[in-house]
**Q** 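If you scroll down you'll find the structure; I have some questions about it.
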Amino acid sequence: MNEKYFPTEIEERQQQRWAEAKVFEANVDEAKPHFYCLEMLPYPSGRIHMGHVRNYSIGDALSAYKRMNGFNVLHPMGWDAFGMPAENAAIKNNSRPDTWTFENIDTMRAQLQRVGFSYDWRREIASCTPEYYRWNQWFFIQMFKKGLLYRKNATVNWCVKCNTSLANEQAEGGFCWRHEDTPVELRELEQWFIRVSKYADQLLDDLDTLEGGWPERVLTMQRNWIGRSRGAEVDFSLKGIGGLQNAFVLGQMSIEEKWQVDVRIFTTRIDTIFGASCMIVAPEHPLIDKWLEFATKAEWPEKDQATIDKLKAFVEKQRATSKEDRIAEGTEKEGVNTGLFAINPFNGVKLPIWTANFVLTGYGTGAIMAVPAHDERDFEFCKKYDLPIVRVIKNADTTDADDAPVEVPFTAKDESGTLINSGEWSGKTVPEAIAAMTAKAEAGSFGTAQTNFKIRDWGVSRQRAWGTPLPFIHCATCGIVPVPEDQLPVELPKDLNFNTQGAPLAEHTGFVNVNCPTCGNAARRDTDTMDTFVDSSWYYFRYVDPHNTELPFDPKVAAYWTPVDQYIGGIEHAVLHLIYTRLWTKIQRDLGLITFDEPVKKLLTQGMVCLATARCEEHDWLNPTEVLDGKCKFCGRTAQIGRTEKMSKSKKNTIDPDEMINTFGADTVRLFMLFAAPPEKDLEWDDSAVEGASRYLNRVWRIVHKWHQKSAECGVRSAECEFSADARALRRKTHQTIQRISNDIGQRMNFNTGVAALMELTNAIYDFDKKIDESNVGDMFVLKEALESLVKMLAPYTPHIAEELWAALGHNDFIVIASWPVFDAELAKADELEIPVQINGKMSGRVIVAAEIDDEALKQAVLGDDKIKAKIGERQIVKTIVVPKRLVNIVAK
RNA sequence: GCCGGGGUGGCGGAAUUGGUAGACGCAACGGACUUAAAAUCCGUUGGAGCUACGCUCCGUGCGGGUUCGAGUCCCGCCCUCGGCACCA
């Protein structure tokens, strides 16, 4: 053993030993409990960053801990390898996306291996290989057959920078998720969709089963995103109004061959229908177009040209405004009266039909009834346009009269409200009325219970070339024909021309032209590719059986390993990836591949790695290496230190993992990452604290170096010797530490407090080192036990140094798969206890008592203590509270 | 506005079921070793006060409450981070 700690040297050596002995390769073994530890796979952008290192250090520590505790641990890694940067690089370098991607993968794999993560590299996958993406295609064909995949013409979100369409989730707030400053455009395209709507209820309801295993905020975000609202649709008739409208409706009748023309609204508050003061339809509602068309041509005495003109102008203006602008914060509600009326089916009241900016097409039916007394938006609108406000729900604790003017709408939807002014329904509670009135609407065929979701079907078509080709053929005779499964994969051509304004795949005639599998006539392949979120929706199932050529994975093998026991990754995937992958799991279940509903038992969302930003007036953002003594190294101006933010290339506040490993070694970097903050919190990079981690490892190295020879030679077992008080104290500390760490890592996943415990144990060993009697076998045994336990418990954090020290302590086996130290409760118990004593709840002293003291004896010991007696003085003891073996509180007056 | 997380020393953070607040580390200061430096080791380090080698008081965002006892529980606020936001 070298006297000094040279991290890079031992790290290389140990990594080689592990690889040669294949210690991290995991295979199905029914006799052993299994644990699937998964970290989110990276996009191969070029180099590993600190965020990856943190994510994977957490997963690796947990994996190691589980392995040492007898679990068969599956810990794989792969590459989310399709995506746009590869195409951009191909265009820029006039090369190919696969070349760029595989070079990056090689670089990043080498970087990860240098950190020494315990992956079973035999299971590595890259989603851009035909061996992988053929199964994307296979899934699509199965979904197509089951009606879960369909094509429709849709207005899609289009990003001009990506030159492709985006899913709704990727275009939140009207901007591209990859280009935060690029507003999405709307384009009309025929697209493939996955029928998420069929699973919307399950996606929402099954979140309850994840309670406790997933962070609450992720569950909340998903619930918001899915956005279920239960309500009813109700038809308001346009018939029987008379005059011009009657002619309009009759005109509709001949066109639609319908006996009645209705405006169908969606409401969650059918109970408030007696309070409706008008109907409001979205400016895009088909009724508006029909009405304008009719009214423009109509020649009737009561035709109101001013209303028609106003309506036309308003509708045109609204349609020219994007949805985002229309509902942007602070936008005032605006509307116009259409001049039409509809009949409230519950009370026969004639209501004017308006159109307004805040009623949106695409949700519900695009039409509402406005109930100002019990909805804030409707209140604001009706107040502005002077529409009647009728109270129909009475708040349980209001003193207002039933016909008192409404100052603030009452919107609660629970038993706290009772119906008033609602005919036969008056007196019912809100929930009762909702149920009864929905039933009434259904019975009368003018309405139905209806559940709406905010979540939409998943648009999966992308007009990109570096993605999975959609395995479908468009035939003039047979329509859309799936590629026969024995012809999969449909491979991406290697010779695509990226130097084009159009779509490289569509311009590749060798790819496009194909014969129809059904009729044999000339046909065209689909030239879109799949959203890359498809790849990551099921990748971790492929890890369990990565080389299967018959199926995506063998269901029997998956039954052993999955679901994932622990998933670790960034919060940024809370809705996108983590909803898609839950959806995919349910689809796989319905395809018979697996039998469970949810793919991930426990989810940890780790915090970001942050660093203060620095900026120079002339040279813009500065990397920490470009700031010397607070000044820009290029021009000497004072660098402006900005706020601490997530490390990012654009703000240059990054630290390169390779450089840190060169300086300190991988173990130090890992130790720092796990010690500086609990995993779910943001972590600020701190050079001094990194040095502290390095200093600690050196400290461990020195004490092991001092004793490793003698420890290896010590063959004593505990029963054979007497222990001094100091030795017993160290043993106690050793066993207490084992207990603490097992809880910190195994139960709480608080790696930071685990490190603190190890540091305390190390400090205790140094203390003992000062007092040790080398000739005393008891002392030597206790030291050996402490050192070996310490080194073992370091293994999840810093595996290389642990492995090296383990060997130095005389062991030939691998510490990374050795058994976790066993905690002995007897040995962890203290000989004597220091019991804090309070008088009236205030700290007033301590007494030292035997560990096995009972409550009465403890009480007597406290009351007999001179110092305590003096403090109580003349006061009368009212009562004494004894918390067994922890505390005594004396209440004195 | 709604939902969720958080607010503890100079800093990162600890306190697991209501029971010694500030573990562990960073920074800082003092000392030892050294020709010197680095490294290492030892000590001090929440605030205020005192008749200072010990003791008293205050102290976990603010104001109340429950309790023998509250960083922890309850009520009402403030601030902050994140998500959602005319979704009928």
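On a predicted model such as this, the values are computed, not experimentally measured, just so you know. Letters go in sequence order (proteins before strands), and every chain restarts at 1.
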**Q** Scan A/G364 against the nucleic acid and name what it touches under 4.0 Å (heavy atoms): base, sugar-phosphate only, or nothing.
**A**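 The residue A/G364 makes no contact with any strand.
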**Q** Go through the structure and list residues passing ring pair (Phe, Tyr, Trp, His ring centres under 6.0 Å) with A/F672, not counting sequence neighbours.
**A** A/W685
**Q** For atom P, what is the distance between B/U66 and B/A15, given to the nearest Å?
**A**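 About 29 Å, rounded to a whole number of Å.
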**Q** Between A/E376 and A/K333, does any side-chain N to carboxylate O distance fall below 4.0 Å?
**A** no
**Q** Tabulated below should be each protein N or O lying under 3.5 Å from an N or O of nucleotides 19-22 of chain B; please produce it.
**A**
from, atom 1, to, atom 2, distance (Å)
B/G19, N2, A/Q838, OE1, 3.2
B/U20, O2, A/R846, NE, 2.9
B/U20, O2, A/R846, NH2, 2.5

**Q** When you get a sec, tell me which of B/C3, B/C84, B/A88 is the closest nucleotide to the side chain of A/T268?
**A**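 Per side-chain heavy atoms of A/T268, the pick is B/A88.
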**Q** Sequence neighbours left out, what passes salt bridge (charged side-chain N to carboxylate O under 4.0 Å, His left out) with A/E684? Give chain and number order.
**A** none
**Q** Which residues pass the side chain to side chain contact (heavy atoms under 4.5 Å, CB included) test with A/E834, sequence neighbours left out?
**A**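 Checked A/E834 against side chain to side chain contact (heavy atoms under 4.5 Å, CB included); matches are A/R846, A/I848.
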**Q** Which class fits the ring pair A/H573 and A/H577: parallel under 30°, tilted 30 to 60°, perpendicular over 60°?
**A** perpendicular
**Q** Select base, sugar-phosphate, or nothing to describe what A/I265 touches, counting heavy atoms under 4.0 Å on all strands.
**A** nothing
**Q** According to salt bridge (charged side-chain N to carboxylate O under 4.0 Å, His left out), who are the partners of A/K651, at least two apart in sequence or on a separate chain?
**A**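 Applying salt bridge (charged side-chain N to carboxylate O under 4.0 Å, His left out) to A/K651 gives A/E645.
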**Q** Indicate yes or no for a side-chain donor-acceptor contact from A/T668 to the backbone of A/A693 under 3.5 Å, with no hydrogens or angles considered.
**A**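 Side chain of A/T668 to backbone of A/A693, a donor-acceptor pair under 3.5 Å: no, none is there.
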**Q** Based on Watson-Crick and G-U pairs with both distances under 3.5 Å, what dot-bracket line describes RNA chain B 5' to 3', crossing pairs as [ ] and inter-strand pairs as |?
**A** (((((((..(((......[....))).(((((.......))))).(((((...)))))..(((((..]....))))))))))))....
**Q** For B/C87, does OP1 or OP2 lie under 4.0 Å from any side-chain N or O of A/K454?
**A** no
**Q** If the condition is side chain to side chain contact (heavy atoms under 4.5 Å, CB included), which residues does A/T268 pass it with, not counting sequence neighbours?
**A**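 A/T268: side chain to side chain contact (heavy atoms under 4.5 Å, CB included) contacts with A/S229, A/F266, A/K413.
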**Q** Look at the aromatic rings of A/F346 and A/F446 and report parallel, tilted or perpendicular, splitting at 30° and 60°.
**A** perpendicular
**Q** If we take the C1' atom in both B/C86 and B/C74, what is their distance in whole Å?
**A** 35 Å
**Q** When we call it a touch if two heavy atoms are under 4.0 Å apart, what does A/R217 touch: a base, just sugar-phosphate, or nothing?
**A** sugar-phosphate
**Q** Base, sugar-phosphate, or nothing for A/N750, non-hydrogen atoms under 4.0 angstrom?
**A**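 Nothing: the residue A/N750, judged by heavy atoms under 4.0 Å, touches no strand.
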**Q** How far, in whole Å, is B/C75 from B/A23 if one measures between their P atoms?
**A** 32 Å
**Q** If you measure from the Lys or Arg side-chain nitrogens to the Asp or Glu carboxylate oxygens, is any gap between A/K706 and A/D769 under 4.0 Å?
**A**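 Salt bridge between A/K706 and A/D769, a charged N being under 4.0 Å from a carboxylate O: yes.
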**Q** Does A/R228 pair with A/D205 as a salt bridge, N-O distance under 4.0 Å?
**A**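 Salt bridge between A/R228 and A/D205, a charged N being under 4.0 Å from a carboxylate O: yes.
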**Q** Between A/W701 and A/N2, is any side-chain donor less than 3.5 angstrom from a side-chain acceptor?
**A**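 Not at all, the side chains of A/W701 and A/N2 share no donor-acceptor pair under 3.5 Å.
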**Q** Please list every donor-acceptor pair under 3.5 Å in which a side-chain atom of residues 756-764 of chain A meets a protein atom from a residue at least two apart or in another chain.
**A**
from, atom 1, to, atom 2, distance (Å)
A/E760, OE1, A/K733, NZ, 2.8
A/E760, OE2, A/R740, NH1, 3.4
A/T762, OG1, A/Y696, OH, 2.7
A/T762, OG1, A/L758, O, 2.7
A/N763, OD1, A/R699, NH2, 2.7
A/N763, ND2, A/M759, O, 3.4

**Q** Can we say A/R217 and A/E680 salt-bridge, meaning some charged N sits less than 4.0 Å from an Asp/Glu carboxylate O?
**A** no
**Q** Show each protein N/O and nucleotides 28-32 of chain B N/O combination with a separation under 3.5 Å, one pair to a line.
**A**
none

**Q** Nearest to the side chain of A/M759, which nucleotide is it out of B/G82, B/G25, B/C3?
**A** B/G25
**Q** Please produce a list of atom pairs where a protein N or O lies less than 3.5 Å from an N or O of nucleotides 54-58 of chain B.
**A**
from, atom 1, to, atom 2, distance (Å)
B/C55, OP1, A/K867, NZ, 3.4
B/U56, OP1, A/K871, NZ, 3.2

**Q** Between the protein and nucleotides 41-44 of chain B, list every N/O to N/O distance that falls short of 3.5 Å.
**A**
from, atom 1, to, atom 2, distance (Å)
B/C41, OP1, A/R699, NH1, 2.6
B/C41, OP1, A/R702, NH2, 3.3

**Q** For nucleotides 6-13 of chain B, just jot down a letter per nucleotide in 5' to 3' order: B, S or -, based on protein non-hydrogen atoms under 4.0 Å.
**A** ------BS
**Q** What nucleotide, of B/U16, B/C68, B/C24, holds the atom closest to the side chain of A/E760?
**A**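 In terms of side-chain proximity for A/E760, the closest of B/U16, B/C68, B/C24 is B/C24.
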**Q** Applying a 4.0 Å non-hydrogen cut-off, can you work out what A/V359 is touching in the nucleic acid: base, sugar-phosphate, or nothing?
**A**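 Contact class for A/V359: base.
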**Q** How far, in whole Å, is B/G47 from B/G9 if one measures between their C1' atoms?
**A**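 Straight-line distance between the two C1' atoms is 9 Å.
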**Q** Whether A/Y363 contacts B/A88 is assessed here as follows: a side-chain N or O lying under 4.0 Å from the phosphate OP1 or OP2. Is that the case?
**A** yes
